[in-house]
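Note sheet for the following structure.
Lettering of chains follows the sequences in order, A, B, ..., and the numbering in each one begins at 1. Reckoned from all heavy atoms, side chains included, excluding hydrogens, waters and symmetry mates.
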There are 2 protein chains.
Amino acid sequence: MAKTAALPPIVHPAQDEITVEGVLRALADPVRLGIVRQLAAADRELACGALTVPVTKSTITHHLSILRQAGVVTGRQEGTTRFNSLRRNDLDALFPGLLDGVLAAPR
Amino acid sequence: MAKTAALPPIVHPAQDEITVEGVLRALADPVRLGIVRQLAAADRELACGALTVPVTKSTITHHLSILRQAGVVTGRQEGTTRFNSLRRNDLDALFPGLLDGVLAAPR
DNA sequence: CGACAATTTCGATCGGCGTCGTACAATGGA
DNA sequence: TCCATTGTACGACGCCGATCGAAATTGTCG
């Protein structure tokens, strides 16, 4: 069989498809906020398994799906692992200061 | 009878009680986001009745309560009307750029 | 005092979302 | 080839929150 990319074709919204409400909803969850914080702190792409979160794998998948659909993170497939990274450029362009404000939060 | 402050003593979190997650949750709702946008655009305090939202009055009360508890707005009682305003200073101090980023959102 | 206006409170409903467990798919090595 | 690893898909469950209507509270005005 030909090597037909069989894995789910990760869908990402274009920059102009990102809405502020979607981003806010995505960030308004402790687990997802933790993921975003880790991605921002690492300043590089991280695999699902490299994330420290207090939930099951399937739940991580769910949260990453939401973050991706909201346009907060991107996913890159490599083998069986999927690397995620923050869409910092797009977010900064659309909502300047938002992400920094969130990350700068003392709590 | 003494003027026993019978009206609910509007509770507001101190600045250091405000959490970024609380603020994000508060903003992650279309109705509340609309309220915040109107307050920001008006740049002054507005009464509940002066807000243009597609919900019932009792629901407005509910949303304003959440916005208040999150530390996003303050309420000032005057007669039977309650005036609400953005806590812009506190929010800017805690999460610099967050509010501006949200308000600058094209959508 | 009595009627009206502005909001809150209460109770109820209803949909959505976070969570898990299990089963499944794909990749890469022993 | 077989298996371990990595992540996704699916179904189910429980809870929180958005919404409404009706009743209650408070203040103002005639």
Side-chain angles (χ1 to χ4, degrees), chain A residues 1-12 21-36 38-39 45-70 72-85, chain B residues 1-12 21-36 38-39 45-70 72-85:
Chain A
M1 285 291 273
K3 195 78 161 304
T4 53
L7 270 190
I10 321 180
V11 286
H12 289 118
E21 192 191 324
V23 172
L24 290 173
R25 290 191 81 83
L27 297 179
D29 176 275
V31 174
R32 292 195 288 267
L33 194 52
I35 293 176
V36 169
Q38 289 179 44
L39 287 176
E45 44 187 19
L46 293 179
C48 294
L51 296 170
T52 304
V53 285
V55 292
T56 313
K57 291 215 179 173
S58 55
T59 305
I60 298 184
T61 297
H62 172 237
H63 284 308
L64 283 175
S65 165
I66 290 184
L67 286 171
R68 252 183 278 120
Q69 290 176 24
V72 178
V73 312
T74 18
R76 183 177 63 85
Q77 192 80 26
E78 182 172 322
T80 64
T81 55
R82 183 172 290 196
F83 292 97
N84 310 280
S85 53
Chain B
M1 285 291 276
K3 194 75 161 308
T4 55
L7 268 190
I10 321 179
V11 286
H12 290 116
E21 192 192 322
V23 172
L24 289 173
R25 289 190 81 84
L27 296 179
D29 177 276
V31 174
R32 292 196 286 267
L33 195 52
I35 292 176
V36 169
Q38 290 179 43
L39 287 177
E45 42 186 21
L46 294 177
C48 294
L51 295 170
T52 304
V53 284
V55 293
T56 312
K57 298 242 176 164
S58 56
T59 304
I60 299 183
T61 298
H62 171 238
H63 284 306
L64 283 175
S65 165
I66 290 184
L67 286 171
R68 251 182 279 121
Q69 289 177 26
V72 178
V73 311
T74 20
R76 183 178 62 87
Q77 192 79 26
E78 182 173 321
T80 63
T81 56
R82 181 173 292 196
F83 291 98
N84 311 278
S85 53

Pairwise distance CD(E78(B)) to CD(E45(B)) - rounded to 0.5 angstrom: 7.5 Å
Pairs satisfying side-chain hydrogen bond (donor to acceptor under 3.5 Å, both in side chains), at least one member in residues 51-62 of chain A, at least two apart: none
Nucleic acid contacts of residues 51-63 of chain B, taken as heavy-atom distances under 4.0 Å to DNA chain D: V55(B), T56(B), S58(B), T59(B), H62(B), H63(B)
Could you tell me the separation between the CG atom of N84(B) and the C1' atom of dA6(C), rounded to a whole number of Å? 12 Å
Considering all heavy atoms of both residues, which atom of L39(A) and which atom of N84(A) are nearest to each other, and what is their separation? CD2-O, 3.4 Å
Quick one: L64(B) CG to dA6(C) P, roughly how many Å, whole number? 16 Å
Scanning both residues in full, the closest heavy-atom pair of R25(B) with A28(A) reads NH1-O, 2.8 Å
I66(B) has an atom CD1; how far is it from atom P of dT8(C), in whole Å? 13 Å
Calculate the interatomic distance between Q69(B) atom CD and dC16(D) atom P; express it in whole Å. 15 Å
Which nucleotide, dT27(C), dA18(D), dG18(C), lies nearest any side-chain atom of T80(A)? dT27(C)
At their closest point, which heavy atom of V53(B) faces which heavy atom of Q38(B), and how far apart are they? CG1-NE2, 4.4 Å
N or O in side chain of R82(B) less than 4.0 angstrom from dT8(C) OP1/OP2: yes
Could you tell me how far apart L46(A) (CG) and dG7(D) (C1') are, to the nearest whole angstrom? 16 Å
side-chain hydrogen bond (donor to acceptor under 3.5 Å, both in side chains) partners for H63(A), two or more places apart: R32(A)
Rounded to whole angstroms, how far apart are CZ on R68(A) and C1' on dA9(D)? 13 Å
Protein-nucleotide distance (Q77(A), atom CD; dG7(D), atom C1'), rounded to Å: 8 Å
Rounded to whole Å, please give me the gap between CD in E21(B) and P in dC16(D). 14 Å
